[in-house]
Peer 1: 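First the structure, then my questions, so here it is.
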Amino acid sequence: MESYAYALALYPLTPFLKSVKPTSRNTKPQLGVVSCRGKLCLHSDSSLNRKSSVSLFVSNQRWNGFKVRAASVPGNTGETQQSKDSVGTLKLGSMFAIWYLLNIYFNIYNKQVLKVYPFPATVTAFQFGCGTVLVLLMWGLNLYPRPNVTRSQFAAILPLAVIHTMGNILTNISLGKVAVSFTHTIKAMEPFFTVVLSALFIGEWPSIWVVFSLVPIVGGVALASFTEVTFNWIGFSSAMASNLTNQSRNVLSKKFMVNKEEALDNINLFSIITIISFLLLAPVAILTEGVKFSPSYLQFAANQGLNVRELCVRSLLAGFCFHTYQQVSYMILQMVSPVTHSVGNCVKRVVVIVSSVIFFQTPVSPINSLGTAVALAGVFLYSRAKRIKPKAA
């Protein structure tokens, strides 16, 4: 809201081409109030005598009326700008909090489901299905503009969707085999794969500071892996493979639709990838794992600690959180720089690891904790090193 200062402007209401007879000294000018669309206007109803004549800069005794008006002039907008900045900061902070909270709930519900229902392809397809429903509702209710995808765009998006599908399946395989905290510690290796793949495919060579930041990442993950109580080779290798696929997707995304006129925004791009991933994975899940919604499999899950109702509710909540936390992540990415988003993603991983250890009461040794801390510190240093621009030759 703009702030205004108010000034009084006095000027004649009638021309003074002829003299006006003076009125009686006892006659007082009558002032009428006229609404001037938010401005205060005072008009004199009778002529003024010589003693009550008004002059703003030069005295003029023949003026027989005057008008007082509140004129608005721009005031100091510093406080307004500060207020806008505060609102923007509050909004961004709220979105980061929602991002973290949805991540925590997704990992908890997803782990609970995979623990009693060990079919990662079926679970992942169900989560993509939940995301597809949410995307269609978003477009159908005009909450976000629906894109018109061309054939060339679809051809470029399809490989990204395939890689995205593989990455999520591998992540769920890892979450089903090892602790949530260990999976996310391994996924802290993502910057390492980003640097290697960027150098191989798009010719982006890292600076010396970026290379140095990778040392604590690799060392921390190795230290945490050697001392992990729930260590499992399937869980470890699938988490590493998910790093490879997810970072391949990110690197290829940089080459996606170089022409800005054909480019899609992040939210619509993610929405289309979600739909394609569901259409690709649903038949694959049925072929590889079969139809796992039969009463016998649901009863098997019930024997493991979750009844049918609890399994369905947690699966739906995991699917909802799975899509919305990624959607919020893309919304944040449109508001901040990629480096800031990378730092936020590092903090998110810390929050998820700590919350999962507390919720599932995962046994953690001091050396394991040290390895995780070193790896996460390396990720933070990596995000800072990316901000250092190489000096021009």
Side-chain angles (χ1 to χ4, degrees), residues 103 107 110 114 120-121 123-125 127-128 156-206 210-211 213-226 228 231-256 269-270 273-274 276-277 280-281 284-285 288 322 326 329-330 333 338 341-342 345-346 348-349 352-353 371-372 375-376 378-379 382-383 385-386:
N103 254 280
N107 282 278
N110 197 36
L114 289 169
V123 171
T124 308
Q127 291 168 357
F128 282 135
I157 295 173
L158 184 59
L160 300 179
V162 173
I163 298 173
H164 179 73
T165 305
M166 294 173 59
N168 281 278
I169 291 178
L170 292 168
T171 300
N172 278 339
I173 291 174
S174 179
L175 287 171
K177 295 294 183 181
V178 297
V180 174
S181 57
F182 184 51
T183 297
H184 281 274
T185 300
I186 300 172
K187 288 180 74 65
M189 284 277 291
E190 287 179 347
F192 173 81
F193 288 94
T194 300
V195 170
V196 174
L197 293 172
S198 296
L200 291 176
F201 291 105
I202 59 180
E204 288 185 1
W205 294 96
V210 170
V211 174
S213 69
L214 297 179
V215 175
I217 295 176
V218 177
V221 171
L223 185 62
S225 301
F226 289 145
E228 174 61 34
F231 182 85
N232 178 286
W233 277 109
I234 296 178
F236 175 81
S237 58
S238 58
M240 279 293 186
S242 72
N243 284 338
L244 178 61
T245 54
N246 287 334
Q247 297 316 302
S248 298
R249 177 197 63 197
N250 293 342
V251 170
L252 290 176
S253 294
K254 295 181 180 180
K255 301 178 69 174
F256 167 62
L269 177 59
F270 170 68
I273 287 176
T274 298
I276 296 175
S277 296
L280 291 174
L281 185 57
V284 173
T288 57
F322 170 75
Q326 296 185 78
S329 174
Y330 280 112
L333 186 58
H341 189 272
S342 178
N345 193 54
C346 177
K348 178 211 73 177
R349 206 170 295 287
V352 170
I353 290 174
T372 301
L376 294 175
V379 175
Y382 169 81
S383 63
K386 293 289 287 183

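Just the heavy atoms: all of them, side chains too, but no hydrogens, waters or symmetry mates, feed the values below.
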Peer 1: Closest approach of Ala239 and Ser174, non-hydrogen atoms and distance?
Peer 2: CB-OG, 3.4 Å
Peer 1: Nearest 0.5 angstrom please: Leu175 CG to Thr183 OG1, how far?
Peer 2: 4.5 Å
Peer 1: Compare every heavy atom of Leu280 with every heavy atom of Val162, then report the nearest pair and how far apart it is.
Peer 2: CG2-CD1, 3.8 Å
Peer 1: Any side-chain heavy atom of Thr165 within less than 4.5 Å of one from Val284?
Peer 2: no
Peer 1: Compare every heavy atom of Ala188 with every heavy atom of Val379, then report the nearest pair and how far apart it is.
Peer 2: CG2-O, 3.4 Å
Peer 1: Only counting residues at least two apart or in another chain, list the ones meeting ring-ring contact (aromatic ring centres under 6.0 Å, His included) with Phe236.
Peer 2: Phe231, Trp233
Peer 1: Nearest 0.5 Å, what's the CG-CZ distance between Asn243 and Phe193?
Peer 2: 5.5 Å
Peer 1: Please list, chain by chain and in numerical order, all residues satisfying ring-ring contact (aromatic ring centres under 6.0 Å, His included) with Tyr330, sequence neighbours excluded.
Peer 2: Phe270
Peer 1: In Å, rounded to the nearest 0.5 Å, how long is the span from CG of Leu197 to CD of Glu190?
Peer 2: 11.5 Å
Peer 1: Tell me, yes or no, whether the heavy-atom count around Lys187 atom NZ, taken from other residues, nucleotides or ligands under 6.0 Å, exceeds 12.
Peer 2: yes
Peer 1: Measuring from atom CG of Leu281 to atom CE of Met166, what distance do you get when rounded to the nearest 0.5 angstrom?
Peer 2: 11.5 Å
Peer 1: If you define the side chain from C-beta out and look only at heavy atoms, does anything of Phe322 sit under 4.5 Å from Asn110?
Peer 2: no
Peer 1: Measure the OG1-CD1 distance between Thr185 and Ile217 for me, rounded to the nearest 0.5 Å.
Peer 2: 12.5 Å
Peer 1: Roughly how far, to the nearest 0.5 Å, is the CG atom of Leu269 from the CG atom of Leu160?
Peer 2: 6.5 Å
Peer 1: Ignoring hydrogens, what is the shortest heavy-atom contact between Glu228 and Ala179? Give both atom names and the distance.
Peer 2: OE2-CB, 4.2 Å
Peer 1: What heavy-atom pair brings Ala125 and Ala285 nearest, and what distance separates the two atoms?
Peer 2: CB-CB, 4.3 Å
Peer 1: Using a 4.5 Å cut-off on heavy atoms from C-beta on, say whether the side chain of Asn107 contacts that of His184.
Peer 2: yes
Peer 1: Please tell me if the side chains of Thr194 and Tyr382 come closer than 4.5 Å, counting only heavy atoms from C-beta onward.
Peer 2: yes
Peer 1: Taking all atoms of both residues into account, what is the closest heavy-atom pair of Leu114 and Pro120, and its distance?
Peer 2: CD2-CA, 4.1 Å
Peer 1: Report the relative orientation of the aromatic rings in Phe128 and His164; use parallel for angles under 30°, tilted for 30 to 60°, perpendicular for over 60°.
Peer 2: tilted
Peer 1: So, the side chain of Thr245 versus the backbone of Ser242: is there a donor-acceptor pair under 3.5 Å, distance only?
Peer 2: yes
Peer 1: When you look at Asn168 and Gln127, which way does the side-chain hydrogen bond (donor to acceptor under 3.5 Å, both in side chains) test go after all the steps?
Peer 2: CA-CA 10 Å; Asn168 281 278; Gln127 291 168 357; over 6 Å; no
